[in-house]
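Order of the sequence lines fixes the chain letters, A, B, ..., with proteins taken first and strands second; residue numbering starts at 1 for each chain.
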There are 2 protein chains.
Amino acid sequence: MAYNIPVEATLDVIGGKWKVVIMCHLIKEERRTSELKKIMPTITQKMLTQQLRELEQDGVVNRKIFDQVPPKVIYSLTKYGWSLRPILDAMCAWGEHHIETVEDVEKNREV
Amino acid sequence: MAYNIPVEATLDVIGGKWKVVIMCHLIKEERRTSELKKIMPTITQKMLTQQLRELEQDGVVNRKIFDQVPPKVIYSLTKYGWSLRPILDAMCAWGEHHIETVEDVEKNREV
DNA sequence: CAGTATCCCCTTCGATACTG
DNA sequence: CAGTATCGAAGGGGATACTG
């Protein structure tokens, strides 16, 4: 609480380890749990659920449950979540443009 | 390495706990270490140095050392660091616009 | 299929003390 | 003033097993 600088509020919402990645996927299309897991091969079930819960609590992500067997749950961005789009777009664009540079630098850091 | 989605490269560079906050300050003006510590009251010396070192290794931040006693070091964004400006601006703007909402939500989460 | 519950490692981070 | 080193606590996060 009582942020020293407003951008800390932004970080509170999108600062989780996987949140930006999840939202970047959901910005393109809504997804069910199993789809998210498939397109994010390295995330664990636990982290996926945990991050989605937090996004949901923050009002960024909507969770639609279909009452059927087997269960089906679809996640999508809320209107509030869409307000983050400029940030997500900028982050995605930067990543696409600089990915080779970053990969090189990070590789050297491992040594 | 080998990101599953390009935005992960972005997160590798700005994903640290304090990196965005530091860069948001440096985007306004270059700062010396003691100034950064002053405007970020809750960061520890250790974390400040650590995050700055990583930003420096990633080529985002420049470290200018004045050879004098007592020591003086000034940090600023590199040209490469300035390429992140659209992201930082978007994050700062969103935070300013939604800070009350976020503060309320986060407060309730603590309960 | 979607989610929860444990166990537990191991990284992160704070506190403190110390150097040039 | 700027930075390093060390120690220890805290919790993030993985692996696994289990439920409806």
Side-chain angles (χ1 to χ4, degrees), chain A residues 1-4 8 11-23 25-26 29-58 61-77 106 109-111, chain B residues 1-4 8 11-22 25-26 29-58 61-76 106 109-111:
Chain A
M1 296 310 90
Y3 302 117
N4 289 298
E8 291 180 350
L11 292 169
D12 254 4
V13 176
I14 69 171
K17 187 179 183 184
W18 297 93
K19 289 181 185 177
V20 167
V21 175
I22 291 172
M23 295 180 72
H25 286 304
L26 294 184
E29 50 183 319
E30 53 180 32
R31 294 284 197 177
R32 50 188 302 190
T33 315
S34 55
E35 292 175 329
L36 285 172
K37 234 182 307 190
K38 194 167 189 177
I39 55 182
M40 301 171 62
T42 58
I43 197 173
T44 59
Q45 164 84 25
K46 180 186 175 182
M47 287 310 297
L48 179 58
T49 303
Q50 185 185 108
Q51 299 283 292
L52 284 168
R53 286 294 171 286
E54 292 183 14
L55 289 170
E56 194 189 351
Q57 281 178 46
D58 284 335
V61 157
N62 188 268
R63 182 164 175 252
K64 185 164 53 181
I65 307 169
F66 293 78
D67 193 14
Q68 62 179 53
V69 178
K72 177 177 175 182
V73 176
I74 289 197
Y75 293 96
S76 58
L77 291 186
E106 300 299 320
R109 183 187 287 177
E110 291 174 10
V111 182
Chain B
M1 298 312 93
Y3 303 117
N4 289 300
E8 291 181 350
L11 292 169
D12 254 4
V13 176
I14 69 170
K17 186 177 183 184
W18 297 93
K19 288 181 184 176
V20 168
V21 175
I22 291 172
H25 285 304
L26 293 185
E29 50 183 319
E30 55 179 32
R31 294 283 196 176
R32 50 188 303 189
T33 314
S34 54
E35 290 174 331
L36 286 173
K37 234 182 308 190
K38 193 167 191 177
I39 55 181
M40 301 170 62
T42 58
I43 197 172
T44 60
Q45 164 84 22
K46 179 186 176 184
M47 287 309 298
L48 178 59
T49 305
Q50 184 185 107
Q51 299 282 294
L52 283 168
R53 285 295 171 286
E54 292 183 13
L55 289 170
E56 195 187 352
Q57 282 178 46
D58 283 335
V61 157
N62 189 268
R63 180 163 175 254
K64 185 164 54 180
I65 307 169
F66 294 77
D67 194 14
Q68 61 179 53
V69 178
K72 177 177 176 182
V73 176
I74 289 196
Y75 293 96
S76 57
E106 300 298 321
R109 183 187 285 175
E110 290 174 10
V111 183

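The CE atom of Met23(A) lies 6.0 Å from the CG atom of Leu55(A); values are rounded to the nearest 0.5 Å. Within the model, atoms CD of Glu106(A) and CD of Glu8(B) stand 12.0 Å from one another, a figure rounded to the nearest 0.5 Å. Here the CG-CE distance, from Leu48(B) to Met40(B), works out to 6.0 Å after rounding to the nearest 0.5 Å.
The stretch residues 29-38 of chain A participates, sequence neighbours left out, in these salt bridge (charged side-chain N to carboxylate O under 4.0 Å, His left out) pairs: Glu29(A)-Arg31(A).
Legend: residues meeting side chain to side chain contact (heavy atoms under 4.5 Å, CB included) with Leu11(B), ordered by chain and number and at least two apart, are Val20(A), Val21(A), Met91(A). A search for side chain to side chain donor-acceptor pair (under 3.5 Å) contacts involving Glu54(B) returns Lys19(B), not counting sequence neighbours. The side chain to side chain donor-acceptor pair (under 3.5 Å) search around Asp58(A) returns Arg109(B), not counting sequence neighbours.
The outermost nucleotides of DNA chain C lying under 4.0 Å from heavy atoms of chain B, listed 5' to 3', are dC13(C) to dG20(C).
Remark: DNA chain C takes part in the stems C:1-20 with D:1-20, each of 3 or more antiparallel Watson-Crick or G-U pairs, criterion distances under 3.5 Å.
Across all strands shown, Phe66(A) has no heavy atoms under 4.0 Å from either base or sugar-phosphate atoms.
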Expected list for residues 65-77 of chain A: side-chain donor-acceptor pairs under 3.5 angstrom, two or more places apart:
{"residue": "Tyr75(A)", "atom": "OH", "partner": "Arg53(A)", "partner atom": "NH1", "Å": "3.3"}
{"residue": "Tyr75(A)", "atom": "OH", "partner": "Arg63(A)", "partner atom": "NE", "Å": "3.3"}

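A heavy-atom distance below 4.0 Å to DNA chain C is reached by these residues of residues 32-58 of chain A, ordered by number: Arg32(A), Thr33(A), Ser34(A), Gln45(A), Thr49(A), Arg53(A).
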Could you please spell out the steps behind the side-chain contact (heavy atoms from CB on, under 4.5 Å) verdict for Trp18(B) and Thr42(B)? CA-CA 10 Å; Trp18(B) 297 93; Thr42(B) 58; 3.3 Å; yes
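With a 4.5 Å cut-off on side-chain heavy atoms, Leu36(B) and Leu52(B) count as touching.
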